[in-house]
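Read through the structure below, which is laid out as structure tokens, and then see the notes.
Every number for a ligand or one of its atoms is a count from 1 in the order of the listing. Values reported hereafter were calculated over all heavy atoms of this structure, with side chains retained and with hydrogens, waters and symmetry mates removed.
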Amino acid sequence: MSTRFTPVDIDAKIPNNVGLADDRRLQRALENWQPRFLQWWRDLGPVAFKDNPVYLRTAISVGREGWANFDHVSMPDYRWGVFLSEPEPDRTITFGDHMGEPVWQAVPGEYRADLRRLLVVQGDTEPASVEQQRHLCLTAPSLYDMRNLFQVNVEEGRHLWAMVYLLHRYFGRDGRDEADEMLERHSGDLDNPRILGAFNERTPDWLSFYMFTYFTDRDGKYQLASLRESGFDPLSRTCDFMLKEEAHHMFVGATGIGRVVERTVELMKQHDTDDISPFGGIDIDTIQKYINFHYSVSLDLFGAETSTNAANYFAAGLKGRFKEESRHDDHRLHDLTRGVPTVAEGRITEREAPLLSALNETLREDYSDDCLPGLTRWNRTLADVGRELRLPHIGFNRAVGAFRDHHVSPDGRLVSDAEWAANVGGWLPTDDDRAHVESLMVGITELGKMAGWVAPPTAGIHRQPVDYEYVRL
Ligand SMILES: [Fe+2]
Ligand SMILES: [Fe+2]
């Protein structure tokens, strides 16, 4: 099969650059799924502003320059489609036991089940986050923010399309069933929940939304980046393009938290106190607790420190490491080891584990490093008031892996049940903290106005002014 590049057919019923028009069966199957997707969007997408024109970015091409178009679109008319990055000529597998062999344009039979699982787990998170965030449009701090929320939502919808295309195209009947089930599982549904725990929690307020896009979308970035390395070329190319869209989601998080911090500092100076709650702000302790919560639940998404699945995926060439080619080792990793955290004899220490089985920990570590630059930036603002935000220790509040059965303080000490119980209210958001944040959430829909708990952004979207009519009411 060739990897010849197909131009984007943007006017097709399903916009695509995968030559859908040449594969009638597949086209019909996806056109069958399309109304079900739209019905899901109506039922479980944003609860309001369902038909208002929103200033959205739509993918129209995959080239390096000008891949997107910005215009007012009513969300049900968004052009959800299937876009793969341009193929890399003569691409070969860069890691694992098939290293050096040409990449696959079809699914190797022996890896069918594993690949299907990877697609389903990734795909399931995409609509899940839309469901988690569906109420937030009612309390957006500005039209600018509401637009960003909707942008994130429609693109997560498109990411579902990306995975559903691969399932339909390469997995036949099983794939179609899996695609249907993506719309049947729902976030928080007790009978039929989403696959990963963190995707069954509601995103209750905008501070949580900014945290989610900063910490949890960043987990998405690392998962996609390691799937981009895949020897299964269509998966690699689809993830490569998804990462382009994903960058904006993390931008929303990083600037969102930055704007909260900025407003907090402003109120602290104005009222000469750390306790700015009475003045309609979110104090630094609360922001820290939200960071502690979202960082720790996002770490759980990487799975246990050591994992046979991760080793198998790597050896098979299905899922690589972050930036696989920039690593200076043999990319097969059979005889190498690394330290992974563990708790032994009452203290936090390390044990040696085969590098191959410790790949989750390697990815987790890359992720943690990538979480730091945001904190450095926010701390520059906080330096004015002599305060600082930190990432908690990786053992803090974990439900998965080595720390699962232990209590670890944010500064990395093993603590007793009693010490945990006595302090947890200072480490994780309490009901009162959440109630306070929720009390600040009032939808602001006037042009150019901003809620009082967050500073305006420094620039608008796509060179538009901050007070632009991002959502037409
Ligand atoms: Fe996504
Ligand atoms: Fe995302």
So, R259 versus T255: side-chain donor-acceptor pair below 3.5 Å or not?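 R259 vs T255: no donor-acceptor pair found between side chains.
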Would you check, one step at a time, whether the test ring-ring contact (aromatic ring centres under 6.0 Å, His included) holds for W161 with Y165? CA-CA 6 Å; W161 271 96; Y165 161 73; 9.6 Å; no
According to side-chain contact (heavy atoms from CB on, under 4.5 Å), who are the partners of D370, at least two apart in sequence or on a separate chain?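 D370: side-chain contact (heavy atoms from CB on, under 4.5 Å) contacts with R218, K221, Y222.
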Set of side-chain contact (heavy atoms from CB on, under 4.5 Å) partners for K50, sequence neighbours left out: R42
Closer than 2.8 Å to the Fe ion (ligand 2), what protein N/O/S atoms do you find? E156 OE2, D217 OD1, E246 OE2, H249 ND1
Test F150 against N52 for side chain to side chain contact (heavy atoms under 4.5 Å, CB included), laying out the working first. CA-CA 11 Å; F150 290 153; N52 294 78; over 6 Å; no
What pairs with D124 under salt bridge (Lys or Arg N to Asp or Glu O under 4.0 Å), at least two apart in sequence or on another chain?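 Testing D124 for salt bridge (Lys or Arg N to Asp or Glu O under 4.0 Å), a comparison that skips the adjacent residues, returns R185, R194.
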